[in-house]
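Read through the structure below, which is laid out as structure tokens, and then see the notes.
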Amino acid sequence: MCGRYALAKDPAGLAEEFDARDATDGALDTPEYNVAPTLTIPGVVDRHPRDDDGTPDPSAVERSVRAMRWGLVPSWAKDLSVGNRLINARAESLTEKPAFRRAAASRRCLVPADGWYEWLRDGKHKTPYFMTFRADSDLAGHSLALAGLWETWRPEKGADPLVSTTIVTTDSAGPLTEVHHRMPLVIPAARWAEWLDPDNDDPTDLLAPSEEILAAIEMRQVSSKVNNVRNHGAELVEEVHEVPEQQGLDLEAVNPS
DNA sequence: CCAGACGTTGTT
DNA sequence: GTCTGG
DNA sequence: CCAGACGTTGTT
DNA sequence: GTCTGG
């Protein structure tokens, strides 16, 4: 699945990478190697620009990076906490579920990440792994563009809207099944515009993992320091080999070469 | 009709 | 807001 | 996702 | 065990 990830790039760097305007307004804390649900994170969106009256111009589209709270708060929510459990949306059902279908049809976004974490458990012990683009792949150094949905929510009529987001998950594929049976949907750059298109109300064709992306991802064991959200540093994504006999996940065998 | 949910994950 | 269940 | 709380009363 | 907070 995807309940924790890392992001080193700042909003200006993301704006450049995604060819977007930086509209995050200083709301983000970056770098952050331990991004957890409820934090404010950057999301990339395509929107029709609006004039002073709020009327959208259907002939134009503007791409921007925006600050969003991780955990989708539907427009009908009574309070913010509804979003705490809506941190992921299943690709298999997001066009049907009441909480997600409106966003799925017209408010899709990309959530940039350096990689995401999964945990293997052995009784009480939890061993974290980090999934990222292989250093020797063409995609090394690029962000993973995680598929997301976004919504606005107002605590009361007329109040400033809160923008929130959820990350789309699919069944795992390939070597990634070794660490977990669900994974985030990563959109290849060639299909970003199609995913973000606010006039495309049927994302069905985009909901399967890309082979190109799967082949570029590696997994590595990392420090259990990432388990605790109070740790934030770059050392969280560095490879470690702690007590390997407790886990027996053979990374030589599962990483593609 | 009204009331209540609206979601995913993991674990057994 | 909209759908489902009673 | 994981970690950590989970509660009230009375006293200072 | 289950919920909340980060």
Side-chain angles (χ1 to χ4, degrees), chain A residues 1-7 27-42 67-107 111 113-132 144 146-157 161-162 164-172 176-185 201 207 219-233 236-237 242 247:
Chain A
M1 65 153 323
C2 185
R4 208 77 76 79
Y5 69 91
L7 178 65
L28 301 175
D29 209 5
T30 52
E32 172 57 79
Y33 290 86
N34 203 351
V35 181
T38 74
L39 292 188
T40 299
I41 62 175
M68 305 179 173
R69 177 187 165 94
W70 185 8
L72 188 133
V73 185
S75 57
W76 40 259
K78 299 275 189 302
D79 68 274
L80 201 74
S81 68
V82 172
N84 292 1
R85 283 163 300 162
L86 305 185
I87 66 166
N88 291 132
R90 291 175 62 87
E92 298 90 330
S93 56
L94 55 73
T95 60
E96 289 145 32
K97 296 288 184 185
F100 298 136
R101 58 181 287 189
R102 285 166 168 278
S106 60
R107 283 184 300 278
V111 176
D114 291 348
W116 77 95
Y117 300 99
E118 303 282 6
W119 281 261
L120 276 186
R121 55 193 67 220
D122 178 9
K124 247 170 73 166
H125 195 78
K126 291 171 186 170
T127 304
Y129 291 81
F130 184 64
M131 269 54 62
T132 190
L144 283 72
L146 309 184
L149 310 176
W150 65 280
E151 273 286 1
T152 57
W153 172 80
R154 288 177 170 79
E156 62 245 16
K157 212 176 170 182
L162 172 89
S164 60
T165 185
T166 188
I167 293 173
V168 176
T169 62
T170 67
D171 270 334
S172 286
L176 298 176
T177 59
E178 296 290 331
V179 69
H180 203 74
H181 70 103
R182 302 290 293 176
M183 68 177 189
L185 176 62
D201 65 7
L207 295 174
M219 66 182 90
R220 64 175 81 126
Q221 189 182 337
V222 293
S223 165
S224 57
K225 278 194 268 181
V226 75
N227 295 16
N228 196 311
V229 295
R230 82 169 93 93
N231 298 317
H232 301 285
L236 301 183
V237 299
E242 290 172 349
Q247 289 302 330

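We name chains A, B, ... by the order of the sequence lines, and we start the count at 1 in each one. Small disclaimer: the values here were computed from a predicted structure and weren't measured.
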* To do: With sequence neighbours left out, write down each residue that passes ring pair (Phe, Tyr, Trp, His ring centres under 6.0 Å) with A:Trp70, or none if nothing qualifies.
  => A:Tyr5

All N/O pairs under 3.5 Å across the protein-nucleotides 4-6 of chain E interface:
from	atom 1	to	atom 2	distance (Å)
E:dG6	N7	A:Pro37	O	3.3
E:dG6	N7	A:Thr38	OG1	2.9

* In chain order, what residues pass the salt bridge (charged side-chain N to carboxylate O under 4.0 Å, His left out) check against A:Arg107, with sequence neighbours excluded? -> A:Glu151

* **Pairs meeting criterion salt bridge (Lys or Arg N to Asp or Glu O under 4.0 Å) with involvement of residues 94-104 of chain A, two or more places apart** => none

* Asked: If you measure from the P atom in E:dT4 to the same atom in B:dC6, how many Å do you get, rounded?
  -> 15 Å

* Asked: How would you list, by chain and number, every residue that makes a salt bridge (charged side-chain N to carboxylate O under 4.0 Å, His left out) with A:Asp171, sequence neighbours excluded?
  -> A:Arg182

* Asked: What integer number of Å spans the P atoms of D:dC1 and B:dT8?
  -> 13 Å

* To do: Check every strand shown and say whether A:Trp116 touches a base, only sugar-phosphate, or nothing at a heavy-atom separation below 4.0 Å.
  => nothing

* Main-chain N/O of A:Val226 paired with A:Asn34 side-chain donor or acceptor, under 3.5 Å -> yes

* ring pair (Phe, Tyr, Trp, His ring centres under 6.0 Å) partners for A:Phe100, two or more places apart -> none

* Asked: What nucleic acid atoms does A:Thr166 come within less than 4.0 Å of, heavy atoms only: base, sugar-phosphate, or nothing?
  -> nothing

* Let me know, please, whether A:Phe100 or A:Glu118 comes out on the 5' side of the other along DNA chain B by nearest nucleotide. => A:Phe100

* **With A:Pro31 via side-chain contact (heavy atoms from CB on, under 4.5 Å) - residues at least two apart** => A:Ala8, A:Tyr33

* Would you grab the first and last nucleotide of DNA chain D (5' to 3') that comes under 4.0 Å of any non-hydrogen atom in chain A? => D:dC1 to D:dG4

* Asked: Hey, where does DNA chain B pair up into stems, meaning at least three consecutive Watson-Crick or G-U pairs with distances under 3.5 Å?
  -> B:1-6 with C:1-6

* With sequence neighbours left out, write down each residue that passes side-chain contact (heavy atoms from CB on, under 4.5 Å) with A:Ala77, or none if nothing qualifies. => A:Val73, A:Pro74, A:Val82, A:Trp153

* Quantified in whole Å, what is the P atom distance between nucleotide B:dT12 and nucleotide E:dT2? -> 13 Å

* Spacing of A:Thr152 atom OG1 and A:Leu72 atom CG [to the nearest 0.5 Å] -> 9.5 Å

* To do: List in chain and number order the residues that pass side-chain contact (heavy atoms from CB on, under 4.5 Å) with A:Thr38, two or more places apart in sequence or in another chain; answer none if no residue qualifies.
  => A:Arg69, A:Asn84

* Of all residues at least two apart in sequence or in a different chain, which pass the side-chain contact (heavy atoms from CB on, under 4.5 Å) check with A:Asn231? -> A:Lys225, A:Asn228, A:Leu236

